[in-house]
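Structure record follows, encoded as structure tokens.
Quick note: residue numbers are just sequence positions, from 1.
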Amino acid sequence: QFNLNGKLVNQLNTPKLFHFAVQDKILLELPDMIFFEQKNPNFWHIQSQKGELFNREGRVELNEHVIIQQHLAPHQL
């Protein structure tokens with residue numbers, strides 16, 4: 001997903017996904033997400049075993065063995 005200036009804001013990767021059109025829901029297997037902070041080079045890396053993406057609400061739920069890591073720019077270490 002990109003902001004209006006064309007800068008990458010977040011990224012979602014998954015090796016498998018299953019779409020359920022009736023519920024407008026997508027099940028994710030091993031989702032891997034990266035969220036970039038707006039005004040600095042820091043980013044968050046979030047992984048889990050399973051996840052659900054709700055299209056209408058623009059919401060993602062991560063389930064089972066969730067790992068959250070913040071990556072700081074070298075000058076902030």
Ring-plane angle category for F43 and H71, please: parallel below 30°, perpendicular beyond 60°, tilted otherwise. parallel
From CZ (F20) to CD1 (I26), nearest 0.5 Å: 10.5 Å
So how far is it from H45 NE2 to I68 CD1, rounded to the nearest 0.5 Å? 11.5 Å
Look only at the side chain of T14 and the backbone of E29, and say whether a donor-acceptor pair between them is shorter than 3.5 Å. yes
Any Q70 side-chain heavy atom under 4.5 Å of L72 side chain: yes
Measure the spacing between CZ of F18 and CG of L28 and express it to the nearest 0.5 Å. 10.0 Å
Are L53 and V66 linked, directly or through other ILVMFWY residues, by side chains that come within less than 4.5 angstrom of each other? yes
Distance col, row K16:NZ vs L30:CG, nearest 0.5 angstrom, shows 9.5 Å
Is the NZ atom of K50 crowded by more than 12 outside heavy atoms at less than 6.0 Å? no
In Å and rounded to the nearest 0.5 Å, what is the CG to CE distance from L12 to M33? 5.0 Å
CG (L62) and CD (E52) are apart, to the nearest 0.5 Å, by 10.0 Å
Closest contact, heavy atoms only, G51 versus P31: N-CG, 4.0 Å
